[in-house]
2 protein chains.
Amino acid sequence: MNIYDIAREAGVSITTVSRVINHREQVNAVTRERVEKVLKAHNYKPNATARNLVTKSSRTVAVLTIDIREPHYARTAYTIERELSHRGYEAIICNTGGELKETERYLQSLMEKDVDGIILVGSVFNEIGKDARIRDMLKTFPVVLANGRLDLERSYSVLVDDQYGIGLSVDHLVENGHREICYFMDLDTGSAREKKTGFIQSMKKHGLECGQKQVIKVAHSVEGGRVGVQQLIEENRQVTAIVCGNDEIAVGAVKELTSRGIKVPEQISVTGYNHSEYARICQPELTTIDNKPELVAMLCVQLIISLIEKTDSYSSGVIRPELVPGKSVAQL
Amino acid sequence: MNIYDIAREAGVSITTVSRVINHREQVNAVTRERVEKVLKAHNYKPNATARNLVTKSSRTVAVLTIDIREPHYARTAYTIERELSHRGYEAIICNTGGELKETERYLQSLMEKDVDGIILVGSVFNEIGKDARIRDMLKTFPVVLANGRLDLERSYSVLVDDQYGIGLSVDHLVENGHREICYFMDLDTGSAREKKTGFIQSMKKHGLECGQKQVIKVAHSVEGGRVGVQQLIEENRQVTAIVCGNDEIAVGAVKELTSRGIKVPEQISVTGYNHSEYARICQPELTTIDNKPELVAMLCVQLIISLIEKTDSYSSGVIRPELVPGKSVAQL
DNA sequence: CTGAAAGCGCTTACAG
DNA sequence: CTGAAAGCGCTTACAG
């Protein structure tokens with residue numbers, strides 16, 4: 001059942017049927033009703049592919065992320081999908097693993113579809129976005145990058161001030177009397193470096209010692225946190241607090257400390273980052289930083305839509321994380 | 001740059017260009033090379049929409065799930081997406097919240113696209129799939145349901161034996177000397193009922209008392225587990241073990257018990273379900289049931305592809321969960 | 001207010 | 001092995 005069948009049955013041209021379907025104004029009320037009756041009678045559904053072919057749009061946005069199994073990306077991707085859906089767009093999800101080759105492979109096939117725009121979630125895309133071939137592909141789409149800068153024609157960014165975010169942890173610890181603080185850094189992505197900088201600057205701001213020794217690189221996982229603590233103990237370091245780059249690491253640190261009979265927070269305080277479910281499940285509950293993934297997601301959608309529909313109604317600004325107190329920080 | 005431009009420049013017809021693009025055999029090697037050179041020179045990308053319009057396929061599969069923020073669905077959706085991607089399909093993700101209205105809304109817009117198939121993830125879709133309008137919409141697609149039966153023409157199911165899965169928990173507890181066991185049931189979906197039945201039958205198999213009192217309905221969340229424990233304590237029940245319908249509930253139970261000074265597992269043992277990250281993060285680590293979401297996901301993709309491509313190479317069978325020992329069960 | 005016609009960029013019988 | 005032509009189901013100037 002296509003537009004021709006409807007037109008024939010309603011005794012009008014396909015142009016008129018098209019007008020009715022798309023709620024164009026220039027149709028006589030009587031004609032409109034006649035056509036609508038036929039439409040309803042056959043439960044007519046327009047063929048989106050045919051429409052896309054002429055309009056060059058598919059009302060689809062691709063969301064490239066690292067791995068939606070990570071709660072932080074899951075939350076972001078979820079909110080993006082819901083927001084898109086409410087505006088009549090579909091979301092294609094691509095788990096790139098943060099890898100250049102995979103990102104390229106996904107973009108390759110996205111280029112053949114009439115995808116309306118791309119949202120990049122994860123600060124790895126800052127690095128990936130520097131690759132010339134990736135840039136060539138990206139520049140054919142409107143693009144929004146969550147947490148980074150792309151410097152392309154039709155692209156926007158949503159920035160999260162992670163430097164400020166980690167600073168909140170340090171401030172909070174210092175306010176509670178801590179002075180021997182170290183940082184468990186998660187790998188080497190853009191936002192990880194931001195956080196590290198935030199840590200160092202904040203330590204300096206408070207006049208605390210902060211060199212190589214205070215920053216410990218660990219794997220971005222529960223295991224990473226455990227290993228970090230082991231290292232601290234082997235080196236016989238005397239710290240009263242550990243600031244972690246994410247909640248997984250913090251959970252690992254807490255578990256390792258606890259299993260060694262070191263009480264959290266009485267003997268060592270720990271802070272996380274992301275305000276994930278892990279922070280609530282951790283025993284004790286983590287004091288952590290909410291970096292507002294839902295807000296980031298909503299802004300991403302708003303921006304990509306304004307890029308797609310050229311409404312120019314975009315707003316932006318930098319997102320400020322917030323500290324969420326838990327029970328993993330003690331006053332000294 | 002379309003097929004016409006290429007044809008003109010290579011001095012052939014668009015038919016020939018199309019043949020080269022699609023690697024059809026009937027092309028002279030010399031002609032083929034000439035066309036390929038032009039293709040390469042212009043970095044030609046075929047327009048998928050135009051192709052879809054004639055082939056009636058978009059190499060896209062929609063994944064309807066409840067909420068990808070839940071780790072279990074995140075894992076399933078992740079694996080489905082990756083498997084689809086490797087086979088050249090894109091995944092559209094839809095977070096329906098498990099609601100009929102939303103499911104209908106998503107299906108409505110999916111029907112206008114040439115989506116090749118639909119994978120339903122979550123046993124709620126058993127209920128939703130009984131609605132007449134939903135069925136009418138679903139029957140226009142190949143459909144695979146993870147964990148349920150749909151009873152539609154072109155549909156397959158991947159079944160997980162959750163009854164057996166919960167039985168494993170009970171067996172394990174009984175082997176460890178427990179006899180006073182209760183079950184924290186998560187809501188009222190298909191698989192929740194399966195698990196409840198599994199619990200009751202398993203208790204009976206071991207000759208243990210199991211009536212209304214042993215099954216406690218709780219919210220499907222950490223909070224649910226806490227409330228369940230509160231209820232147990234208010235009613236002054238003497239149990240030595242709690243079997244939980246999922247890991248979130250188990251975490252809540254453990255937290256509530258611990259906060260009341262009741263030691264897990266020394267005084268009360270707790271088991272979870274899903275083998276999620278939560279189980280590993282919980283203190284103590286949960287003994288839980290792995291219900292193999294990755295395996296389920298892979299089978300779903302295999303089945304939907306065989307339905308789409310009519311390869312008839314499908315395999316099926318029922319998936320058996322496995323017990324994963326943690327530290328939340330003590331021997332009495 | 002309405003319609004004939006062109007066009008979106010492909011694939012695919014069919015004929016040669 | 002190759003090509004002319006129809007067709008997929010729409011939208012959109014353009015003319016009336």
Side-chain angles (χ1 to χ4, degrees), chain A residues 1-39 42-60 88 109-116 140 308-309, chain B residues 1-39 42-60 88 109-116 140 308-309:
Chain A
M1 185 82 351
N2 62 27
I3 211 174
Y4 286 91
D5 302 319
I6 301 293
R8 194 180 318 115
E9 196 164 328
V12 296
S13 72
I14 59 162
T15 310
T16 298
V17 176
S18 175
R19 288 197 183 103
V20 172
I21 292 167
N22 295 292
H23 306 97
R24 300 261 181 273
E25 290 313 312
Q26 338 99 312
V27 181
N28 178 290
V30 180
T31 313
R32 173 185 303 281
E33 237 173 88
R34 187 147 37 96
V35 172
E36 270 168 353
K37 190 170 296 172
V38 180
L39 252 19
H42 294 284
N43 190 24
Y44 169 82
K45 294 255 175 289
N47 179 312
T49 305
R51 171 184 290 160
N52 296 350
L53 184 58
V54 13
T55 62
K56 301 286 157 217
S57 149
S58 60
R59 296 197 77 81
T60 297
S109 85
L110 257 18
M111 285 183 70
E112 302 186 3
K113 314 226 169 182
D114 291 316
V115 169
D116 295 317
T140 66
I308 292 169
E309 298 173 0
Chain B
M1 185 83 346
N2 61 29
I3 211 175
Y4 286 92
D5 303 317
I6 302 293
R8 194 180 319 115
E9 195 164 327
V12 296
S13 73
I14 59 162
T15 310
T16 298
V17 176
S18 174
R19 288 196 181 104
V20 172
I21 293 167
N22 295 294
H23 307 98
R24 300 259 180 274
E25 289 315 311
Q26 338 98 311
V27 181
N28 179 291
V30 180
T31 313
R32 173 186 302 281
E33 236 172 87
R34 188 147 37 95
V35 174
E36 269 167 354
K37 191 170 296 172
V38 180
L39 250 19
H42 293 284
N43 189 26
Y44 170 83
K45 294 256 174 290
N47 178 313
T49 305
R51 172 183 290 162
N52 296 351
L53 184 58
V54 13
T55 62
K56 300 287 154 216
S57 149
S58 59
R59 295 197 77 79
T60 296
S109 84
L110 257 17
M111 283 183 71
E112 301 187 2
K113 315 226 168 180
D114 291 315
V115 169
D116 295 318
T140 66
I308 292 168
E309 297 173 359

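Each chain gets a letter, A, B and so on, in the order the sequences are listed, and its residues count up from 1. Basis for what follows: all heavy atoms, side chains included, without hydrogens, waters or symmetry-related copies.
Taking atom CZ of B/R19 as the reference point, atom P of C/dT12 lies 11 Å away to the nearest angstrom. The separation between B/D114 atom CG and C/dT11 atom C1' is 14 Å, rounded to whole Å. Between the CD1 atom of B/I3 and the C1' atom of C/dC8 there is a distance of 13 Å, rounded to whole Å. If you take CG of B/N52 and P of C/dT11, they are 10 Å apart, rounded to a whole angstrom. Atom CG in A/N22 sits roughly 11 Å away from atom C1' in D/dT12 (whole-Å rounding). Atom C1' of nucleotide D/dG7 and atom CG of A/D5 are separated by 14 Å, given to the nearest angstrom. Rounded to whole Å, the distance from NZ on A/K56 to P on D/dC10 is 16 Å. In this structure, CD of B/Q26 is placed 18 Å from P of C/dG16, rounded to the nearest angstrom.
Searching all strands for a Watson-Crick or G-U wobble partner of C/dG3 with both distances below 3.5 Å returns D/dC14.
For the pair A/N28 and C/dC1, the criterion of a side-chain N or O lying under 4.0 Å from OP1 or OP2 is not met. Taking 4.0 angstrom as the limit, B/T16 places a side-chain polar atom (N or O) nearer than this to OP1 or OP2 of D/dG3. Contact check, A/N47 against D/dG9: no side-chain N or O comes under 4.0 Å of OP1 or OP2. In terms of phosphate contacts, B/R24 brings no side-chain nitrogen or oxygen within less than 4.0 Å of OP1 or OP2 of D/dC1.
No contact: A/R32 has no heavy atom under 4.0 Å from any strand. At a threshold of 4.0 angstrom between heavy atoms, the contacts of A/T15 include nucleobase atoms, whether or not backbone atoms are also involved. Counting non-hydrogen atoms under 4.0 angstrom, B/S18 reaches a base of the nucleic acid. Looking at heavy-atom distances under 4.0 Å, A/T31 makes contact with sugar-phosphate atoms alone, never a base.
Where B/I14 and A/R34 each meet DNA chain C at their nearest nucleotide, the meeting point lying more 5' is that of A/R34. Residue whose closest nucleotide on DNA chain D sits further toward the 5' end, between B/S13 and B/L53: B/S13.
A donor-acceptor pair is defined here as one N or O able to donate and one able to accept, closer than 3.5 Å; such a pair exists between the side chain of A/T55 and the backbone of A/R51. Under the 3.5 Å distance criterion, the side-chain polar atoms of B/N28 are matched with a main-chain donor or acceptor of B/V30. At least one donor-acceptor pair under 3.5 Å links the side chain of B/N2 to the backbone N or O of B/D5. Between the B/S58 side chain and the B/D114 main chain, a donor and an acceptor come within less than 3.5 Å of each other.
From B/K45, atom NZ reaches atom NZ of A/K113 across 14.5 Å, with rounding to the nearest 0.5 Å.
In this model, no side-chain donor or acceptor of A/Y4 finds a partner on the base of D/dC8 within 3.5 Å.
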